[in-house]
> 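Handing you a structure now.
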Amino acid sequence: MAIIHLSGTRLAPQKAKAPLNRTFMFTIGFVFIIAMHIYIPNSDGIGLALPFNTLIWACLGLIIAIGLYHIASTKRIRYTKLTIALLICCLILTLPVFYPIANLWILTLPRLASLWSGWLFFVVLQQFNLSNLHKQRLLWFIVIAAIIEVILGYVQFFNLLPKELLGSNTFTQMPFGIFQDPSVMVSFISTGLVISGYLLARQQRKYGQKVSRTLFLYLVPLITAPLIIILARELEWIGTAFGFVIIATYLYRFSTPQRFSGWISSSVAGIGFGLILISANSVDAQSFQKQQIERSTLFPQAIDMLIEKPFTGYGYGRFEPEYILYSARQHQLNADYPVGYSSVEHPLNETLYWGIEGGLIPIVGIFLAMIMVLFKIYSARRGTRLAIFSLFIPIVLHSQMGAPFYHSAIHWLVFIILLYWIDQRTSKYKIHSISKVTKVLIRGTSFVVPTITSAYMLMALQTNMTLFRFEHSFPKDSRILTQTVYPISQQLRYEWNLYSDSLKQGLLTGDALAIKQYIVWALQAIRQKPQELYYSNLIMAYLGLGEISKANQIRSEASFLFPNHDFSTIDIEPIVLDEELNQNTENNVIEEESNSVDFDTEKKEGATKK
């Protein structure tokens, strides 16, 4: 009998490559169980100003890279109708970037990068042929992360560790977890609560099976309910209660009576424990009341802005300056119209935010996505539709009364995972083979994406830590700012610290050039982010140079934009200037000063129009 040796030839059998499922799931688990809970001292804020978000985005870059490498290895792309629909919606939401009124760079690109990163995360989730156990494990990650945050919240609430370690508020005892915002904390742990009931109903009932998982799911409502009672307010309670009732009904129908009664009993005990805690401890009700007033004021103002420009919007990245200007114009025409809030970057409603900045087109994109997702839920098996819908209630409701996706990147990942959960239960995958050229491009991209993302996020983290050190140094040491490697992620905050320190030194030492540097920067900054502090310092800068007329012009503009703030009390003695130095430095800011008149021009045009 002849023996044919195939080793080393093209006829040799190809070794099957092991899929990257385990690596992929491990990376996602690392994000939910470790990365998102790492606290680094910071000065509060949203987005990349919160260090845990930079860690999450760095890990997301690695997750997407693993998915792209898997696509290149299998030479195929798996997709569904929802993949195509969400792609179209993302393209629609991106269209207003090309409007001439859009602020493309600093304020727009991060939001669109988050949008497209979410779509890519959804796509790479589809590429792995996960077992039912692994798919459920994605939901388990969310529940475990919620429990970790609840434990962190209890540590903060009872002040078990120093504030510096966990960022707890020892004065108001509000346990906000890693999120540094109570509302964001509530929506996250409420999602974990609802998912726990959903998973309990889906646990297999086999003889001899370990009870540890079931026992853990029993304990979730007992642990989470007290913090929800402490932190939530009217709409948040309604959303959580609505989701709870739906899941309880689902659990009653598809699980055993023992599991239903156990989960309900745990929930009742948790609610009782929460009522005891809230009655026995002082909770900061004043901050909640302030938030409620702000929401009730912002919402009608945002509606008015959308009505004024329903088709084109005000331009991506332009909400804050346009909101201040619009509310100031309306208040001037009608004294009963509420004055705008300073430092408002979001109208606390996601749909309105996209509509105000982008007009009708983004709203159409959002509603198309919503209709497609609701259709997918309707395609699910009868009896499970409401249960699947309830998984979205806490986060979606919060997005219509807050800004969870801007405070917390993990909320965005949870939302995408829930979309994937619906899709994999109701869709059939289609497969598209890719060419060798596409394979090479995708594989190359899989190495580029984590490199760029990690480098950018590390620089953002370094910038954040450096600015925190400077802001908490006493006396202020401007040499700390020179250690910043790449401050683009916190550009305005970095420049504020730099030039306000320059102004302070200029007023103390009589350095006219240092004062002029602040003026040049501030005249540009107030057009992007008008704030009382910027205007106050700008008035002082002009007074310090002895330019009284320009100081009064800025004072008038500031009083128009911020009627509740008294700028008339700002007064300092002018420093002694060298006439030749004053003449030379004045020419450097003529163009910027002329630009600041635009606010007055828009104010007069708006008043005339009304």
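The chain is numbered in sequence order, starting from 1. Scope of the values below: all heavy atoms of this structure, side chains included, with no hydrogens, waters or symmetry mates.
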> May I ask you to decide if the ring planes of Tyr486 and Tyr456 are parallel, tilted or perpendicular, using 30° and 60° as cut-offs?
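The arrangement is perpendicular - the two ring planes meet at more than 60°.
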> When you measure from the side chain of Thr224 to the backbone N and O of Ser190, does any donor-acceptor pair fall under 3.5 Å?
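No, the answer is negative, given that no donor and acceptor are paired below the 3.5 Å cut-off.
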> So, Trp521 side chain and Glu495 main chain: donor-acceptor pair closer than 3.5 Å or not?
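No, the answer is negative, given that no donor and acceptor are paired below the 3.5 Å cut-off.
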> If the test is side chain to side chain contact (heavy atoms under 4.5 Å, CB included), which one of Thr191, Ile246, Ile238, Val194 qualifies with Ile393?
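When side chain to side chain contact (heavy atoms under 4.5 Å, CB included) is applied between Ile393 and each of Thr191, Ile246, Ile238, Val194, only Ile246 qualifies.
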> Any donor-acceptor pair under 3.5 Å linking the side chain of Thr240 with the backbone of Trp237?
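No; judged by distance alone, with no hydrogens or angles, the pair does not exist.
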> Verify, without hydrogens or angle tests, whether Ser559 (side chain) and Ser556 (backbone) share a donor-acceptor contact under 3.5 angstrom.
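Flag not set: sc Ser559 to bb Ser556 has no pair under 3.5 Å.
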> Ser327 side chain to Ile324 main-chain N or O, any donor-acceptor pair under 3.5 Å?
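Checked: pair present.
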> Given Val97 and Thr108, is the side-chain contact (heavy atoms from CB on, under 4.5 Å) satisfied, shown in steps?
CA-CA 8 Å; Val97 167; Thr108 305; 3.9 Å; yes
> Of all the heavy-atom pairs spanning Leu352 and Ala302, show the shortest one and how long it is.
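The answer is CD1-CB, 3.8 Å.
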> Any chance you could measure His407, atom NE2, to Asp181, atom CG, to the nearest 0.5 Å?
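Result: 4.5 Å between the selected atoms.
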> Mind checking whether Gln505 and Tyr518 have side chains closer than 4.5 Å, heavy atoms only?
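No; the side chains remain at least 4.5 Å from each other.
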> For the pair His331 (side chain) and Tyr337 (backbone), establish whether a donor and an acceptor sit closer than 3.5 Å, ignoring hydrogens and angles.
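The answer is yes, because a donor-acceptor pair under 3.5 Å joins these two groups.
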> Can you name the one residue among Ile363, Ile361, Ile366 that meets side chain to side chain contact (heavy atoms under 4.5 Å, CB included) with Trp354?
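One option only clears the test, and that one is Ile366.
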> Check Gln517 against Ser502 and note the closest heavy-atom contact, atom names and distance.
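Answer, listing the atom of Gln517 first, then Ser502: OE1-OG, 3.5 Å.
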> On the ring face of Tyr353, is Arg111 found with NZ or CZ under 6.0 Å from the centre and within 45° of the axis?
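So Arg111 does make the cation-pi contact.
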> For the backbone of Val184 and the side chain of His411, can you confirm whether one donor and one acceptor N or O come within less than 3.5 Å of each other?
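Such a contact is found between His411 side chain and Val184 backbone.
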> Taking the ring of Phe415 and the ring of Phe405, is the distance between their centroids below 6.0 Å?
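Judged by ring-centre distance (under 6.0 Å), Phe405 and Phe415 do meet the cut-off.
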> List the steps, then state whether side-chain contact (heavy atoms from CB on, under 4.5 Å) holds for Val373 with Met370.
CA-CA 5 Å; Val373 171; Met370 180 186 69; 5.9 Å; no
> State whether the side chain of Ser399 and the backbone N or O of Val396 hold a donor-acceptor pair below 3.5 Å, judged by distance alone.
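Looks like yes, one N/O pair under 3.5 Å.
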> Judged by atom type as modelled, is there a donor-acceptor pair below 3.5 Å linking the side chain of Arg318 to the main-chain atoms of Gly313?
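Flag not set: sc Arg318 to bb Gly313 has no pair under 3.5 Å.
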> Going by atom types alone, do Gln400 and Thr351 pair a side-chain donor with an acceptor below 3.5 Å?
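Side chains of Gln400 and Thr351: pair found under 3.5 Å.
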> Where the side chain of Asn349 meets the backbone of Met401, is there a donor-acceptor pair that is under 3.5 Å apart?
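Answer holds: no.
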> Using the salt bridge (charged side-chain N to carboxylate O under 4.0 Å, His left out) criterion, which residues pair with Glu320? Sequence neighbours excluded.
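Glu320 satisfies salt bridge (charged side-chain N to carboxylate O under 4.0 Å, His left out) with Lys529 once adjacent residues are dropped.
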